Q: 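Have a look at the structure that comes next, please.
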Amino acid sequence: MIKRRNKAGESMKKHRRIQREFDQIKKTLRRTEQIVNSTKDKKLWDHEASLRKKIKALRGMQWAELDGYEDVLQGYIDLLDTVSARLLNHYNKQKGTNYTFEEVVAEDRRGYLQSGIISVLVTHHIPRRVRQEMSRRFADNPKDEYPRARIMRRKVIVHLGETNTGKTYRAIERLMQAKNGAYLAPLRVLALENFEKLNENGIPTNLITGEEELLVEGASHVCSTIEKLDIARRYDVCVIDEIQMIANTQRGQAWTRAVLGLCCPEIHICGAENARALLMRILEDCGDEVEVIEYKRKTPLEVVDKPFTLRQVERGDALVAFSKRGVLELAALYQSKGIRTSVIYGDLPPEVRRMQYRDFLSGESTVLVTTDAIGMGVNLPIRRIIFTDLVKFDGNERRLLTSQEVKQIAGRAGRQGIYDVGYVAAMEDGGADYLRECLETEDEPLEQAVLGPSEALLEIKELPLREKLALWSVTEEKLGYYRKMDVRDYLLVLDAIAPFKLPEPIAFRLMTLPFDVRSFELMQTLLDYVDAFFIRKKTTVPRPEETGFELQDLERYYQKLCLYYSFSKNFGAQFEPEWVYKEREDTSERMNKLLLRLEKSGKAARFLTT
């Protein structure tokens with residue numbers, strides 16, 4: 001009877017959550033129509049992706065029998081059709097073609113809703129032999145693309161549990177005992193933290209990320225961002241951190257590649273419980289021996305019922321906002337009241353994050369103001385996590401936080417050994433109920449690991465790289481627990497460099513450079529480098545120059561320094577790494593000083609960008 005009541009309660013909670021999500025999607029339909037109507041055809045890409053995502057979410061709600069469901073779903077489908085027809089019209093003007101919306105969609109309606117009009121268009125006019133060639137060159141099972149790993153006996157120890165439970169700590173302890181090994185991080189700041197930890201413990205270790213290489217004489221270990229994994233090297237012990245990222249549409253391919261391709265007899269994989277089923281399926285298919293270690297919080301989390309107000313801030317609090325603007329406004333407000341704050345957000349360089357972390361760790365700052373970037377990062381002595389909002393913009397749309405996101409962030413409260421209890425609060429009325437519901441809800445299990453394109457695409461000659469990539473992206477995997485990555489950013493780079501008519505191997509490497517492709521300024525910087533190095537045959541590319549002294553100016557300068565380093569390193573342009581490191585260090589110091597005196601500007605808005 002009790003179990004039956006518990007199941008009924010879970011069902012009611014799930015239905016309430018679905019109803020909230022549906023209401024928000026319904027409310028945004030008319031506003032989205034207005035925005036689309038006032039947007040130029042060539043600017044509709046992000047709207048198209050957002051509409052497809054909402055349609056997918058709505059279809060997942062069909063079971064709930066919601067009032068007005070069919071009308072809302074049809075409204076979004078009709079709007080997607082309008083946006084897609086306009087995108088197709090823009091494509092026709094660019095390419096001198098005359099494809100019609102009806103002929104494209106009629107052939108593959110499902111693929112259209114899943115991948116978009118242009119991706120599906122490409123597949124309608126591709127010669128059959130190209131499809132056959134792709135089928136021949138790419139294995140039906142992704143594991144078979146790594147034959148060296150398949151002939152090795154691998155033992156995989158899977159560490160699963162909530163945030164702040166010691167998963168990664170235990171795996172790193174084992175790594176430190178090995179003769180050689182690697183730590184694969186989701187973030188440069190975590191790779192740097194463990195690089196320092198291993199070296200401080202007398203284990204010579206290199207640091208390799210997309211932005212730097214710090215090589216230590218006689219190094220036996222390496223700490224790197226996961227994208228920089230040397231898949232050809234054999235290791236004794238490897239640690240893969242934050243395995244739930246394997247399902248991320250942009251970066252998940254790096255985790256899939258590591259899990260399938262590591263040549264290592266002992267692999268430690270750390271992450272959230274909701275990755276268990278997917279991970280077990282992949283590892284069992286690989287024939288690996290698997291051991292699972294579960295971790296539970298020793299410090300309980302307690303949700304504060306009363307809504308938090310800004311004047312209630314205390315030492316050890318971390319306020320979580322979901323935009324850089326929100327973070328900087330809060331920090332400026334508290335600093336104006338004489339409360340020293342540390343600040344963390346996504347665009348902040350790792351060096352600055354570390355300075356801000358250290359101030360909070362040392363007690364020089366008493367409050368942390370952060371975006372959800374804190375969800376993956378250094379463990380800090382946080383007593384209470386405060387959600388200033390329960391909605392975030394995920395790159396495509398504003399939506400409610402998922403239960404996994406709430407747990408990832410809330411789990412940072414109540415660091416073991418410092419606090420007996422971790423507290424979680426919200427600012428809005430009813431927020432405590434939603435947080436409690438998320439913390440008590442079992443997370444939706446991850447269903448698919450993300451795959452990225454390989455250089456085998458270059459061996460197919462009948463089509464340009466852009467068209468081959470688009471075709472690859474809409475080709476369904478034969479195994480349902482894998483799916484292709486979102487290649488939109490790659491396509492943007494390929495479109496931008498198309499006038500240079502570069503060899504495909506160079507274009508492939510350019511599209512995978514780590515930088516913000518949505519930034520016009522950074523994209524233009526890349527094009528300047530391409531023109532200088534590949535067209536004008538210069539041995540160097542222009543050094544970045546500062547264009548201002550405000551926070552956003554220094555952020556952009558730092559990003560240009562990273563792109564300068566990545567381009568030069570990848571393509572052999574002559575440059576001085578030491579100059580880049582020094583410039584980044586100086587820039588980070590100046591950014592940190594600005595963050596320490598936000599309130600002294602007289603108007604915080606000078607430092608704010610969305």
Side-chain angles (χ1 to χ4, degrees), residues 7-39 44 46-83 113-114 249 274 303-308 320-323 325-326 371-372 385-410 424-445 447 610:
K7 285 185 178 179
E10 283 291 326
S11 177
M12 289 177 64
K13 286 180 182 177
K14 186 173 182 180
H15 197 280
R16 286 198 301 270
R17 187 171 71 253
I18 291 295
Q19 182 69 59
R20 277 196 296 268
E21 293 172 0
F22 175 75
D23 290 343
Q24 179 146 355
I25 291 174
K26 180 180 179 181
K27 187 170 67 174
T28 58
L29 176 57
R30 186 53 54 88
R31 176 62 179 155
T32 305
E33 288 174 343
Q34 293 170 349
I35 294 172
V36 164
N37 289 337
S38 61
T39 302
L44 288 171
D46 287 339
H47 294 296
E48 186 244 16
S50 178
L51 288 168
R52 286 190 285 109
K53 189 170 183 179
K54 283 190 172 72
I55 290 168
K56 181 179 179 182
L58 284 167
R59 286 186 160 178
M61 300 175 185
Q62 188 172 8
W63 62 271
E65 300 181 356
L66 302 160
D67 288 342
Y69 170 82
E70 293 294 339
D71 291 341
V72 173
L73 176 61
Q74 191 59 50
Y76 271 103
I77 291 175
D78 290 345
L79 186 55
L80 176 64
D81 288 350
T82 299
V83 167
L113 293 173
Q114 178 180 324
T249 57
N274 68 332
V303 178
V304 180
D305 288 319
K306 190 175 180 180
F308 174 85
V320 182
F322 292 95
S323 71
R325 179 178 186 131
T371 63
D372 53 345
I385 288 281
I386 297 117
F387 288 83
T388 64
D389 200 348
L390 299 176
V391 174
K392 66 175 283 187
F393 180 70
D394 64 4
N396 290 316
E397 61 179 330
R398 280 179 58 80
R399 59 164 177 79
L400 282 167
L401 299 175
T402 66
S403 60
Q404 174 58 33
E405 288 168 337
V406 169
K407 290 173 184 173
Q408 186 90 9
I409 297 166
V424 187
M427 288 187 66
E428 64 182 70
D429 290 334
D433 291 336
Y434 184 71
L435 291 177
R436 190 175 288 108
E437 182 179 317
C438 287
L439 292 172
E440 293 173 358
T441 298
E442 185 174 330
D443 296 331
E444 292 290 332
E447 295 180 352
T610 301

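In this text the structure is predicted, and so the values were computed from the model without any measurement.
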Q: I need the Glu48 CD to Asp46 CG distance, nearest 0.5 Å.
A: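 Reported value, rounded in 0.5 Å steps: 9.5 Å.
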
Q: Which pair of heavy atoms, one from Thr388 and one from Ala321, lies closest together, and at what distance?
A: OG1-CA, 3.3 Å

Q: Residues two or more places apart in sequence or in another chain: which of them pass salt bridge (charged side-chain N to carboxylate O under 4.0 Å, His left out) with Glu33?
A: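 Once residues adjacent in sequence are excluded, the partners of Glu33 under the salt bridge (charged side-chain N to carboxylate O under 4.0 Å, His left out) criterion are Arg30.
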
Q: Give the table of side-chain donor-acceptor pairs shorter than 3.5 Å for residues 58-71, with sequence neighbours excluded, one pair per line with atom names and distance.
A:
from  : atom 1 : to    : atom 2 : distance (Å)
Trp63 : NE1    : Gly60 : O      : 3.0
Tyr69 : OH     : Leu58 : O      : 2.8

Q: Does Arg20 have any side chain to side chain donor-acceptor pair (under 3.5 Å) partners at least two apart in sequence or in another chain, and if so, which?
A: Glu437

Q: Can you see which heavy atom on Asp389 is nearest to which on Leu401, and at what distance?
A: O-CD1, 4.2 Å

Q: Could you pull out the closest heavy-atom pair between Phe308 and Ala425, with the gap in Å?
A: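 Distance-wise, the nearest heavy atoms are CB-CB, 4.4 Å.
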
Q: At what distance, to the nearest 0.5 angstrom, does CZ of Arg399 lie from NZ of Lys392?
A: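 Result: 5.5 Å between the selected atoms.
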
Q: So with a 6.0 Å cut-off around CD of Glu447, is the heavy-atom count from everything else above 12?
A: no

Q: Any sub-3.5 Å donor-acceptor pair from Lys56's side-chain atoms to Leu113's backbone N or O?
A: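 Looks like no, no N/O pair under 3.5 Å.
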
Q: Can you tell me how far the CD atom of Glu397 sits from the CG atom of Leu51, to the nearest 0.5 Å?
A: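 Reported to 0.5 Å precision, the distance equals 9.0 Å.
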
Q: Could you tell me if Tyr76 and Ser50 have a donor-acceptor pair between their side chains, going purely by distance under 3.5 Å?
A: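 No, Tyr76 and Ser50 have no side-chain donor paired with an acceptor closer than 3.5 Å.
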
Q: Identify the heavy atoms of Ala426 and Leu435 that sit nearest to each other, and give their distance.
A: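 For Ala426 versus Leu435, the nearest heavy atoms are CB-CD1, 3.7 Å.
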
